[in-house]
2 protein chains.
Amino acid sequence: MNILFKALNDTTRREILEMLKDGDMNAGDIADKFNMTKPSISHHLDLLKQADLVIAVKKGQFVEYSLNMTVMDEIMAWFVQFKTQ
Amino acid sequence: MNILFKALNDTTRREILEMLKDGDMNAGDIADKFNMTKPSISHHLDLLKQADLVIAVKKGQFVEYSLNMTVMDEIMAWFVQFKTQ
DNA sequence: TGAGTATTTAGACAATCTTCTAAATATTTT
DNA sequence: AAAATATTTAGAAGATTGTCTAAATACTCA
């Protein structure tokens, strides 16, 4: 849970998630959308991966990132505890 | 949104929210539940208040804290965007 | 009014985080 | 095999965060 909220606590990372909602992307294309160096984006992607919010699949020399909905469900469940009571 | 995720990105603060789920509490009683000084807890409460996750009402010399469900809804809505698509 | 209780504010310090540049690794293509 | 492209790793620097102690503020009650 800790690493999950940590991963979500950054505008760039949340924007990456929103971008991936519209379709998978490779690391370079993601980086191009931000005014930030590739290593920085790579680090953000690593945090999202650690939190299991995204899945990385190597495709040749590219790495394709996609959303992992399963973990979203876990967070949703955490919030629901407040609603049902 | 930024300040919201920031407020949620801390175990102590999330535990405070979970405690308040079971009923309102004043600052001192909240602090007693943690192995941490009162000023530290006061600071955590301040962040939760800034994020509108809790509401603080002064009652005499005490300050009573309660959950603010409205903002929970806002976060839920952010997550729902990923589910519906 | 003064003493006691509840809470916050101020300031400091160590730990963590975000970003950068430089270099390393992995893959493709010529 | 060498050059080019895609991505990550390593290490550093400045900013932010979590926690503490000491002091200030707010309120109650004798």
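These numbers come from a predicted model, not from an experiment. Naming: A, B, ... by sequence-line order, numbering from 1 per chain.
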Query raised in the report: Between B:Thr12 and A:Ile41, which is nearer to the 5' end of DNA chain D once each is assigned its nearest nucleotide?
Result: A:Ile41
Report summary line: By nearest-heavy-atom nucleotide on DNA chain C, the more 5' of A:Pro39 and A:Phe62 is A:Pro39
Requested in this report: Go through the steps to decide whether B:Leu20 and B:Leu67 satisfy the test side-chain contact (heavy atoms from CB on, under 4.5 Å), and finish with yes or no.
Outcome: CA-CA 6 Å; B:Leu20 291 177; B:Leu67 275 187; 3.8 Å; yes
Query raised in the report: Would A:Leu17 end up clustered with A:Ile3 when hydrophobic side chains under 4.5 Å apart are linked, directly or stepwise?
Result: no
Report task. Measure the CZ-CD1 distance between A:Arg13 and A:Ile41 for me, rounded to the nearest 0.5 Å. Result -> 10.5 Å
Taking N or O atoms only and anything under 3.5 Å, show me the protein contacts with nucleotides 14-17 of chain D, one pair per line.
unit_1: D:dT17; atom_1: OP1; unit_2: B:Lys6; atom_2: NZ; d: 3.2
unit_1: D:dT17; atom_1: OP2; unit_2: B:Lys6; atom_2: NZ; d: 3.4

Query raised in the report: Just how far, in rounded Å, is C1' of D:dC27 from NZ of B:Lys58?
Result: 7 Å
Query raised in the report: Taking for each residue the nucleotide of DNA chain C with the nearest heavy atom, is it A:Gly60 or A:Lys38 whose nucleotide lies nearer the 5' end?
Result: A:Lys38
Query - Donor-acceptor pair between A:Thr11 and B:Asn2 side chains, under 3.5 angstrom - result: yes
Query raised in the report: OP1 or OP2 of D:dG18 sitting under 4.0 Å from any side-chain N/O of B:Ser40?
Result: no
Query raised in the report: Hey, does A:Phe34 reach any base, or is it just sugar-phosphate, or nothing, if we go heavy atoms under 4.0 Å?
Result: nothing
Query raised in the report: How close or far is atom P of D:dC29 from atom CD of B:Gln61, stated in whole angstroms?
Result: 7 Å
Requested in this report: Would you indicate which nucleotide in D:dT19, D:dT21, D:dT7 comes nearest to any side-chain atom of B:Met36?
Outcome: D:dT19
Query raised in the report: Do B:Ile55 and B:Phe62 share a hydrophobic cluster (ILVMFWY, side-chain heavy atoms under 4.5 Å, transitive)?
Result: no
Report task. Over 60° means perpendicular and under 30° means parallel, so classify the ring planes of A:Phe79 and B:Phe79, tilted if in between. Result -> tilted
Report task. Round to the nearest Å and state the distance from A:His44 atom NE2 to D:dT7 atom C1'. Result -> 16 Å
Query raised in the report: Mind checking which nucleotides bracket the chain A contacts on DNA chain C, 5' to 3', with an atom under 4.0 Å from a heavy atom?
Result: C:dC17 to C:dT28
Requested in this report: Quick one: label B:Ile30 by what it contacts on the DNA or RNA (base, sugar-phosphate, nothing), any heavy atom closer than 4.0 Å.
Outcome: nothing
Query raised in the report: Can you list the steps and then say if A:Glu15 with A:Lys33 is a side-chain contact (heavy atoms from CB on, under 4.5 Å)?
Result: CA-CA 10 Å; A:Glu15 282 177 13; A:Lys33 300 280 187 178; over 6 Å; no
Query raised in the report: Honestly curious: do B:Trp78 and A:Met19 fall in one hydrophobic cluster under the side-chain, below-4.5 Å linking rule?
Result: yes
Query raised in the report: Taking atom C1' of D:dC27 as reference, at what distance in whole Å does atom CG of B:Asn26 sit?
Result: 14 Å
Query - Beyond-backbone contact of A:Thr37 with A:Ser40, side-chain heavy atoms, under 4.5 angstrom - result: yes
